[in-house]
Amino acid sequence: MVIHYALAQTRSSLKQLGSIITFFVLLIIMLQNFVHNVLLYQGTDVLAMIHPMELLTLSPNAADPEWLSIFMQIYPLLVTLPSVLSFNRERQTGESILIAARMGNLQYTLGRLVSVFLTTFVVFTVPFLIEIPLNCISFPLEAQGDVLSMDLYDPGYVDYIHCFLFSNIYIFSPYVYAVVGTLFWGFCSAVFAAFAAAFVACIKFKYTVFSMLPAFLFLNATVMFSPTTRDVPSIAWYHYLFLFDDRLKNPSYLWAIPILILISILGTVWGGTHDCIG
Amino acid sequence: MYRIRYDTLVAALIGLLSGVLSAMLFVRPYTGSITLSEMVLQLSGSRGTYEFNPSLSEIMGMFTRFIPIFLFEFYGGTVMYRNFCTASIYIFTRNPNRSRWYFRETARVLLLSVVFAAVSLITAVLLSMVQYDVITNYPGVLLSIYHFVLFSIWITTATILLNLFSIIFGTHVAALIVIGLQAICIAALSLIEIEDQLLPAVLLQINPIANLILGWFHSRIPALDEAIFSPHKGFSFVPALFVVSSYCLLTVLSGRQFILHRDILSSNAELDGV
Amino acid sequence: MQNWMVFSMLLCAKDICKKIRGKTVLSHVNLELESGTIYGFVGRNGSGKTMLFRALSGLISVSSGEVTLDGKVLRKDFSVLPNLGIILETTGLYPNLTGIENLSYLASIQKRIGLEEIKRAIRRVGLDPEDKRTYRKYSMGMKQRLALAQAVMERPDIIMLDEPTNGLDEDGVDMIRKLILAEKERGAMILVASHNKEDIHILADQVYRISAGVVSQREENVQ
């Protein structure tokens with residue numbers, strides 16, 4: 001019943017205005033990057049051309065820095081938009097009571113958590129997955145250039161590559177790396193949204209803006225407290241989520257993701273076992 | 001009275017947090033001691049003795065300076081808006097002069113913004129004095145006043161805007177819009193690198209965030225101008241005050257018109273957000 | 001003792017229309033309402049009774065026409081009717097406050113009455129002013145009673161009640177009717193919207209029918 005409700009709720013959430021707005025904001029950001037690259041590189045010789053996958057929106061070195069900075073700044077708010085709005089609304093209108101009366105409060109909150117995860121995953125992954133075949137069609141697949149103009153035979157290039165998350169996949173195939181990286185981006189975004197949703201399950205926020213504070217504070221804290229020197233591993237979220245990021249990372253920091261998942265589930269269960277007074 | 005005392009306390013607490021974070025993260029005395037002027041410049045975007053330059057990392061650094069301000073804006077963004085939520089009909093039927101009600105609420109937002117900005121700056125200065133050897137200088141006092149005034153006015157503007165957008169869209173979407181606008185203004189700081197073109201120069205001059213970066217200022221006071229130690233960037237206090245105040249006035253006046261014509265259709269506006 | 005008697009007032013709606021998102025919710029409404037009279041408004045759900053009250057009170061603007069009170073134009077000379085008591089739909093109060101705290105907060109806006117009058121109003125509706133329970137814990141009937149208390153506590157000149165007997169038991173309905181009649185004796189102008197024919201039959205001096213935003217002929221109510 002939980003899965004059935006979750007899937008039904010996901011289908012409904014994807015049609016909500018919050019999800020649609022978020023999707024189109026991401027689509028516009030992606031299209032802006034794509035058009036910018038097409039105009040920038042048109043007429044470039046294939047020998048000098050950058051690899052098509054390094055021109056993706058999620059590749060910060062190639063992206064238009066102004067648009068990228070705007071995207072990075074609003075991401076912590078955007079990631080919770082599709083999910084938190086509808087969850088909070090159900091709580092406030094009392095609709096949650098009607099649903100909980102039919103399936104139990106715990107099943108309802110767990111189903112909600114799953115639907116938040118799925119909705120955010122779809123909304124945050126699809127626009128960037130679309131960009132991959134667009135780039136393959138628009139830019140020459142033979143291009144091997146690097147956006148930082150590094151020589152492929154330079155020993156420093158090896159260190160550069162090994163800073164990437166999933167560097168082994170990149171070495172195997174940059175295209176597979178792009179797909180895996182985009183799915184990872186969507187997965188992490190969904191985890192952040194689920195984290196916010198878990199708080200909503202536990203605490204009744206009067207104003208929806210407060211319900212996105214946990215995710216907002218968590219993501220911005222990783223930026224605020226991230227070491228500024230390059231020889232110390234970063235903790236900023238965008239260094240781990242973006243593709244082709246050459247900043248030094250500590251893969252053990254990725255344990256934060258399963259910890260967030262665990263907190264989300266535990267928080268949701270705790271919220272779901274309380275009296276459903278409304 | 002209880003409500004305003006509570007709001008003031010919350011504003012002060014957020015200001016305290018902001019001051020602590022600012023002192024910890026943005027005040028960097030690279031030589032062990034730091035002048036007050038250098039400290040205030042760092043609080044408004046400079047890094048060490050380098051003025052703010054719009055690389056991606058510095059733009060994100062500028063954004064992180066605004067995070068405590070955004071936290072205040074989230075709270076302050078409900079001050080006026082909450083009257084459109086619970087018991088809205090009962091409140092507005094007891095306020096025959098809605099214009100007066102609006103200006104009273106605007107004054108309340110201004111008070112909270114001033115409290116936040118003051119507590120934030122004072123906390124940052126005091127904490128830095130504890131941690132480092134802070135040398136108080138006359139340009140530093142002037143820059144502190146400029147910083148306090150300009151930031152207070154801008155925070156008031158953004159908070160009122162958040163209240164107004166919340167009435168239309170609900171708080172979450174309003175927060176996205178207001179922070180999005182500020183994010184665009186922060187990103188647009190990169191226009192400083194485009195020289196000798198009229199449109200970018202004009203856009204930069206009217207960019208409210210650009211008018212908060214004291215490291216881009218020049219002054220007719222020689223000691224102050226020397227303390228800012230950056231090449232002339234075309235900003236100074238009076239024009240910056242004019243730009244930021246203009247945005248504030250425009251927001252307040254537009255808000256008044258909006259509030260006067262706003263139909264009270266819903267008893268709980270938060271439900272009618274996007 | 002303060003004189004709470006209401007001076008005679010005339011509330012007029014002159015050909016008011018209201019459209020919301022292209023849909024006409026009020027159409028060419030003309031009314032003349034006097035103090036010391038109870039006006040009943042009957043109509044089905046969605047006929048426009050609540051919208052009419054919103055328009056007459058000033059909570060919403062009208063697309064055309066005007067509402068005047070003793071010659072002064074609403075939304076021009078004042079934003080809302082002065083000294084108005086109103087209950088609309090399912091408007092709630094602050095869930096974290098007790099009944100008396102809620103009413104004290106509302107009374108502090110205009111500062112017309114003190115704590116004693118608030119307590120008196122709460123007792124008039126059959127509630128206990130010393131009740132420490134928060135609004136969140138009230139039953140629907142208690143919430144309705146408290147809403148009525150806030151509507152009458154400041155001795156308003158004009159009282160608009162949208163479905164005042166909603167959720168009340170027999171005793172509660174009786175109490176509300178007596179309270180409304182007492183307010184009429186005081187000289188207040190009272191507008192009552194209800195789809196309950198018995199309420200209208202017992203209370204109203206004149207009855208208007210509303211259908212699809214159109215207010216049709218006035219009837220003298222034979223009680």
Side-chain angles (χ1 to χ4, degrees), chain B residues 1-10 75 78-108 164 167-171 253-274, chain C residues 18-21 25 50-51 53-63 69 72 74-97 101-112 135-136 146-147 149-151 153-154 156 158-160 162:
Chain B
M1 272 311 288
Y2 158 76
R3 189 77 236 189
I4 189 71
R5 275 202 291 264
Y6 178 81
D7 286 341
T8 310
L9 183 63
V10 173
Y75 183 78
T78 63
V79 164
M80 216 182 284
Y81 170 68
R82 66 176 71 125
N83 293 286
F84 286 82
C85 295
T86 312
S88 58
I89 285 161
Y90 303 143
I91 290 168
F92 283 103
T93 51
R94 286 169 169 82
N95 279 290
N97 191 333
R98 216 186 273 188
S99 189
R100 199 192 306 170
W101 170 86
Y102 171 72
F103 285 124
R104 200 171 56 228
E105 294 298 309
T106 306
R108 187 176 293 199
L164 296 173
I167 294 166
I168 307 171
F169 299 115
T171 50
L253 294 178
S254 309
R256 178 184 175 268
Q257 286 305 110
F258 168 72
I259 292 289
L260 280 181
H261 292 101
R262 179 73 183 172
D263 287 346
I264 313 291
L265 279 170
S266 169
S267 309
N268 189 344
E270 189 71 357
L271 291 178
D272 293 339
V274 172
Chain C
K18 177 68 179 176
K19 271 191 177 175
I20 295 176
R21 288 177 196 148
V25 293
T50 308
M51 275 301 161
F53 280 15
R54 285 184 200 269
L56 291 176
S57 62
L59 289 168
I60 62 171
S61 57
V62 291
S63 307
L69 179 69
K72 289 189 182 157
L74 189 57
R75 303 283 288 200
K76 268 194 196 151
D77 298 316
F78 35 77
S79 300
V80 291
L81 291 177
N83 206 9
L84 169 72
I86 189 166
I87 299 176
L88 273 187
E89 283 183 319
T90 52
T91 308
L93 292 166
Y94 296 96
N96 297 331
L97 303 179
E101 284 168 354
N102 263 297
L103 267 52
S104 297
Y105 173 72
L106 292 175
S108 70
I109 295 172
Q110 291 183 315
K111 297 184 177 62
R112 284 199 181 134
Y135 183 78
R136 178 185 280 127
L146 194 67
Q150 71 76 34
M153 67 180 179
E154 284 151 318
I158 303 171
I159 304 174
M160 295 185 187
D162 188 9

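These numbers were taken from a predicted model, which means no experiment stands behind them. Within every chain, numbering begins at 1; the chains are lettered A, B, ... in the order of the sequence lines, protein sequences first and strands thereafter.
- Looking at every heavy atom in both residues, C/Gly58 comes nearest to B/Arg98 through O-NH2, 3.8 Å.
- Residue B/Thr93 is tested with C/Leu81, C/Asn83, C/Leu59 for a side-chain contact (heavy atoms from CB on, under 4.5 Å); the sole match is C/Leu59.
- In terms of the side chain to side chain contact (heavy atoms under 4.5 Å, CB included) criterion, residue partners of B/Asn83 (sequence neighbours excluded) are, by chain and number, B/Ile91, B/Phe92, B/Trp101, B/Glu105, C/Tyr105.
- Applying the salt bridge (charged side-chain N to carboxylate O under 4.0 Å, His left out) definition to pairs two or more places apart or across chains, those involving residues 79-96 of chain B are B/Asp7-B/Arg82, B/Arg94-C/Glu154.
- Heavy-atom pairs under 4.5 Å with chain B peak, among C/Leu106, C/Leu84, C/Thr50, at C/Leu106.
- Heavy-atom minimum distance, C/Ser61 versus B/Asp263: N-OD1, 2.8 Å.
- Heavy atoms from other residues, nucleotides or ligands lying under 6.0 Å from CZ of B/Arg100 number 12 at most.
- In this structure, the side chains of C/Arg54 and B/Ile89 come closer than 4.5 Å at one or more pairs of heavy atoms.
- With a threshold of 4.5 angstrom between heavy atoms, C/Lys18 approaches chain B through side-chain atoms but not through N, CA, C or O.
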